Amino acid sequence: MPINIRKLTDNLGVEILNLDLASALDDRTIQEIEDLFLQYQILYFGQQTINPTEHVQFGQLFGELQVHVMKQYHDNENPELYRLSNIGQDGKPNGIVPDQGTHVWHTDASWQEYTGQATIIYCERPTSKGGDTHFSDMYGAYERLPHKWKKRLQNKRAVHSLDFSRSRRHGHQPMTKQQVDSTPKVDHPILRTHPDTQRKSVFLGDHAEHIVGLPYQTGRQWIDELNKLIVHDDLSYRHKWKKGDLLVWDNRCLMHRVEHYDASREGRTIRRCTVIDPRKLK
């Protein structure tokens with residue numbers, strides 16, 4: 001049966017209306033999902049009931065899954081899953097935001113040599129207020145980038161660092177020496193070509209620390225200015241989570257962030273896996 005879809009915005013994202021991800025998917029359906037993923041960048045599957053193992057199995061349809069260096073967030077039985085929750089042992093919100101870096105525009109795994117391809121999030125417990133996830137189109141950001149910036153950024157590479165972003169966003173819980181040593185800084189092109197669609201996009205976000213060949217502070221100023229310049233409200237999508245929602249998105253042409261919420265009153269539990277692209281950025 002062909003997949004039925006509904007567009008989320010004019011240019012970004014579709015809701016897939018008639019698939020149960022807990023059931024086995026045939027090759028034709030998998031190919032159709034992959035085609036929609038490349039065409040629309042965000043896939044929304046609502047009212048899903050999948051356990052952690054099924055979540056991993058669905059993620060593996062897209063490729064090899066990251067085992068995140070921040071082991072404190074691993075799901076107990078599935079290290080490929082990154083579980084973020086502010087629910088205490090008493091079942092109530094504990095007031096702790098598990099990863100404050102998620103509230104700033106970023107791209108998953110941009111701090112790795114081989115970066116994030118797809119991220120797949122499943123919502124176990126949504127907030128009633130706040131906690132929405134916002135996405136911004138980096139294809140459109142490239143198209144709207146002023147000519148002077150395109151000229152400035154030609155062949156420029158940004159250095160990405162998990163330790164840098166973690167330290168300034170979550171400094172009260174810094175990475176261990178072992179975690180820092182296992183995630184050396186890497187540099188990627190700021191203007192890049194998507195390896196599958198061949199479309200141009202901007203690749204930055206909060207993990208970007210400085211720019212190769214520029215004085216450190218000059219690079220910081222450029223990155224801060226660009227991270228604001230490349231987000232456009234009319235090229236964005238805001239997702240209000242419901243229990244059982246599953247989203248898949250393309251890290252190679254999107255940035256995202258989580259809206260702030262009152263962690264002392266609002267409970268929120270999500271689990272995610274990230275598919276790693278085996279190709280280096282160009």
Side-chain angles (χ1 to χ4, degrees), residues 1-50 54-66 80-81 107-110 112 114-123 133-143 188-189 191-203 232 234-239 241-242 244-256 271-282:
M1 184 172 62
I3 293 176
N4 293 327
I5 64 172
R6 179 184 67 85
K7 294 182 74 172
L8 297 176
T9 73
D10 288 340
N11 76 311
L12 191 64
V14 289
E15 179 180 6
I16 294 180
L17 301 168
N18 60 329
L19 280 185
D20 177 6
L21 299 182
S23 302
L25 303 177
D26 59 34
D27 291 343
R28 181 176 178 178
T29 300
I30 294 169
Q31 184 61 57
E32 192 170 355
I33 290 172
E34 292 177 348
D35 292 343
L36 290 169
F37 172 73
L38 293 177
Q39 183 176 358
Y40 293 105
Q41 297 88 60
I42 302 172
L43 305 181
Y44 166 40
F45 302 82
Q47 298 181 320
Q48 300 294 316
T49 304
I50 61 170
E54 291 166 336
H55 187 166
V56 169
Q57 290 170 345
F58 178 67
Q60 289 171 335
L61 296 178
F62 290 82
E64 181 182 353
L65 300 183
Q66 175 194 56
E80 301 91 345
L81 293 182
T107 301
D108 289 340
S110 72
Q112 293 189 180
Y114 294 94
T115 63
Q117 175 175 325
T119 292
I120 304 164
I121 280 189
Y122 180 77
C123 182
T133 299
H134 298 242
F135 300 89
S136 192
D137 173 16
M138 293 297 102
Y139 289 145
Y142 175 83
E143 292 167 0
H188 299 302
L191 305 182
R192 65 165 301 187
T193 301
H194 192 290
D196 293 314
T197 67
Q198 301 304 306
R199 295 178 65 185
K200 295 286 189 180
S201 68
V202 184
F203 193 78
H232 302 275
D234 64 324
L235 298 179
S236 298
Y237 168 66
R238 173 181 179 178
H239 187 76
W241 292 97
K242 300 184 293 295
D245 279 358
L246 184 140
L247 283 187
V248 184
W249 70 83
D250 193 336
N251 285 291
R252 300 164 298 182
C253 55
L254 295 172
M255 289 201 304
H256 65 281
R271 48 176 152 89
R272 82 169 197 228
C273 60
T274 299
V275 183
I276 298 302
D277 194 324
R279 298 160 293 187
K280 293 185 179 181
L281 299 188
K282 295 182 179 179

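The structure presented is a predicted model; accordingly, all values stated were derived computationally and were not measured.
- Taking the ring centroids of H239 and F135, they lie at or beyond the 6.0 Å cut-off.
- Salt-bridge formation is detected for the pair D196/R279: a Lys NZ or Arg NE/NH1/NH2 atom is positioned less than 4.0 Å from an Asp or Glu carboxylate oxygen.
- Between Y237 and T9, the closest heavy-atom pair is CD1-CG2, 3.8 Å.
- The structure places OG of S23 at 11.5 Å from CD1 of I50, a figure rounded to the nearest 0.5 Å.
- Within a 6.0 Å radius of CG in D10, other residues, nucleotides and ligands contribute 12 heavy atoms or fewer.
- The stretch residues 13-36 participates, sequence neighbours left out, in no ring-ring contact (aromatic ring centres under 6.0 Å, His included) pair at all.
- With rounding to the nearest 0.5 Å, the separation of CD in E143 from CZ in R199 is 6.0 Å.
- Judged purely by distance below 3.5 Å, without hydrogens or angles, the side chains of Y44 and D245 pair a donor atom with an acceptor atom.
- Counting all heavy atoms, side chain and backbone alike, H188 lies closest to F203 at CD2-CE2, 4.0 Å.
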Could you go through the side chain to side chain contact (heavy atoms under 4.5 Å, CB included) check for F45 and V248 one step at a time? CA-CA 8 Å; F45 302 82; V248 184; 4.0 Å; yes

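- Q60 CD: more than 12 foreign heavy atoms inside a 6.0 Å radius.
- Summarising the geometry of A118 relative to F62, their closest heavy-atom pair is CB-CD2, 4.5 Å, with the distance given to 0.1 Å.
- Legend: residues meeting side chain to side chain donor-acceptor pair (under 3.5 Å) with Q31, ordered by chain and number and at least two apart, are D35.
- Other residues, nucleotides and ligands contribute only 12 or fewer heavy atoms inside 6.0 Å of the CG atom of D27.
- Side chain to side chain, K200 and T193 meet the donor-acceptor criterion of an N or O pair below 3.5 Å.
- From Q47, atom CD reaches atom CG of L246 across 13.0 Å, with rounding to the nearest 0.5 Å.
- In this view, Q112 and Q66, A109, I276 satisfy the side chain to side chain contact (heavy atoms under 4.5 Å, CB included) rule, not counting sequence neighbours.
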Show, in sequence, the C-alpha distance, side-chain angles and deciding distance for T115 and N251, and conclude whether the side chain to side chain contact (heavy atoms under 4.5 Å, CB included) test is met. CA-CA 8 Å; T115 63; N251 285 291; over 6 Å; no

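- W241 and C123 make their closest contact through CE3-CB, 3.6 Å (heavy atoms, listed as atom of the first residue, atom of the second, distance).
- With values rounded to the nearest 0.5 angstrom, W249 atom CH2 is found 10.5 Å from F37 atom CZ.
- In E64, the CD atom is not crowded: 12 or fewer heavy atoms of neighbouring residues, nucleotides or ligands sit closer than 6.0 Å.
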Checking C253 against Q41 for the side chain to side chain contact (heavy atoms under 4.5 Å, CB included) test, could you report, in this order, the C-alpha distance in whole Å, the side-chain angles of both residues, the deciding distance, and whether it holds? CA-CA 8 Å; C253 55; Q41 297 88 60; 3.4 Å; yes

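- Under a 3.5 Å cut-off, the side chain of H232 and the backbone N or O of L235 do not form any donor-acceptor pair.
- Counting only N and O atoms by type, the side chains of T119 and D108 include a donor and acceptor under 3.5 Å apart.
- Between L21 atom CG and T49 atom OG1 the span is 10.0 Å, to the nearest 0.5 Å.
- The structure places CE of M255 at 10.5 Å from CG of D137, a figure rounded to the nearest 0.5 Å.
- Of all heavy-atom pairs spanning S201 and R252, the tightest one is OG-O, 3.4 Å.
- Closest approach of V275 and I120 over heavy atoms only: CG2-CD1, 4.4 Å.
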Check the pair D250 / H194 against side chain to side chain contact (heavy atoms under 4.5 Å, CB included), numbers first and verdict last. CA-CA 10 Å; D250 193 336; H194 192 290; 2.9 Å; yes

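- Counting only distance, with no hydrogens or angles, the side chain of Q48 and the backbone of G46 share a donor-acceptor pair below 3.5 Å.
- Judged by distance alone, the side chain of T29 and the main-chain N or O of L25 form no donor-acceptor pair under 3.5 Å.
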